Amino acid sequence: MSRGAESIQLSKDKVASVGEPVSSDDIDTYRQLREIEDRSYQLRAVVGAWETQQTQERMLRRSYAGWLLLLLFLQVIVINIVFFLIGLKYLIVEEWLAKTFIIAVFAEIAAMTLVVVRYLFPKGASDFRDILEKL
Amino acid sequence: MEVLQKHGLFSLPVDPVVLANREGIKVHNAKFSDDSISGMVARRGDNVSMLVDQSDPPYRKRFSIAHELGHHFLHLAGDGEIVTKRVDLFRESIKPEYEADEGKRKEVEANQFAAALLMPEVLLKEAWQGRTCIREMARLFNVSEEAMGIRLSSLRML
């Protein structure tokens with residue numbers, strides 16, 4: 001007989017050892033189920049919030065991407081028109097100015113492409129995984 | 001149930017550990033020498049102790065404690081001890097062959113006490129209104145679905 005057996009005074013031939021007192025939590029049949037349900041609820045709330053956020057961000061990014069593509073398209077048209085105007089001598093500019101203009105426009109297109117790739121497609125999966133691991 | 005009302009525990013789910021503690025009964029987990037034993041209650045003067053098998057799942061321990069409380073209130077007036085075997089927890093009604101066997105009759109009475117303690121008829125009838133799902137009822141009363149099914153059936157509510 002172990003701890004507590006002296007005060008409990010029970011038949012030693014029937015009891016091998018006496019353990020911890022039984023608490024209300026020990027006999028709560030559905031405690032684990034409730035805990036699982038609570039965690040499930042939290043998970044569903046987080047996933048729901050994440051889904052809403054992702055949808056809103058996607059719409060915002062789509063809007064930005066649309067405007068940026070339009071600007072890029074206009075810029076390409078403008079640069080081509082200017083290029084042909086210069087080539088056909090309808091527009092007379094200094095050679096260095098024409099080169100600078102064309103290079104600057106292509107640099108701008110490259111920069112905008114970089115912005116689109118870098119900021120309109122952020123890494124979201126790992127952030128979400130971090131949130132899930134904290135649950 | 002007068003005993004629940006006396007201790008202000010007439011609400012769901014009924015907690016037999018709190019009831020036992022308020023009656024001054026110590027309830028401990030235990031490992032029994034014989035695997036067929038599920039619980040026991042012993043009285044030595046004013047000292048009443050109760051043991052339940054530590055390896056039993058929560059719903060079984062819960063019913064065992066309620067069952068041992070039944071022995072405490074109904075059968076253990078003086079010093080002594082009552083050992084409950086697993087098979088005793090499944091004795092639902094007093095059969096003619098039990099008339100000569102006082103031990104089996106006491107076990108049936110303790111089971112009936114336990115069922116009435118954990119699933120009081122008044123609360124059961126209140127909860128059953130508008131419900132038809134035994135699983136939901138079992139969760140509400142914190143008992144196994146099997147115990148709930150038997151209780152509802154014995155009260156002719158099914």
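What's counted below: heavy atoms across the whole structure, side chains too, no hydrogens, waters or symmetry copies. Computed from a prediction, not measured in an experiment: that's the story for all the values here. So that the names make sense, note that chain A is the first sequence line, chain B the second, and so on, each numbered from 1.
The contact between B/D15 and chain A is made entirely by side chain atoms (from C-beta outward), counting heavy-atom distances below 4.5 Å. Heavy-atom distances place no part of B/A20 under 4.5 Å from chain A, backbone and side chain included.
Exactly one residue among B/D56, B/V52, B/I65 makes a side-chain contact (heavy atoms from CB on, under 4.5 Å) with A/I27. That residue is B/I65.
Note: B/K31 leads B/R62, B/Q54, B/K31, B/R60 in heavy-atom pairs under 4.5 Å with chain A.
A chain of hydrophobic side-chain contacts below 4.5 Å, direct or via other Ile, Leu, Val, Met, Phe, Trp or Tyr residues, connects A/L97 to A/I102. A/F73 and A/V82 end up in the same hydrophobic cluster when Ile, Leu, Val, Met, Phe, Trp and Tyr side chains are linked at under 4.5 Å.
More than 12 non-hydrogen atoms from other residues, nucleotides or ligands lie less than 6.0 angstrom from CD of A/E35. Around CD of B/E146, the count of heavy atoms belonging to other residues, nucleotides or ligands within 6.0 Å does not exceed 12. Around the CZ atom of A/R62, the shell of radius 6.0 Å holds no more than 12 heavy atoms that belong to other residues, nucleotides or ligands.
Remark: side-chain polar atoms of B/Y59 are not paired, donor with acceptor, to backbone N or O of A/D28 under 3.5 angstrom.
Taking every heavy atom of both residues into account, A/Y30 and B/V143 meet most closely at OH-O, 2.6 Å. The shortest non-hydrogen separation linking A/A16 to B/S33 is N-OG, 3.7 Å.
The shortest side-chain heavy-atom distance between A/V15 and B/M40 falls under the 4.5 Å cut-off. At a threshold of 4.5 Å between non-hydrogen side-chain atoms, the residues B/V17 and A/D26 do not count as touching.
A distance of 7.5 Å separates OG in A/S24 from CG in B/N21, rounded to the nearest 0.5 Å.
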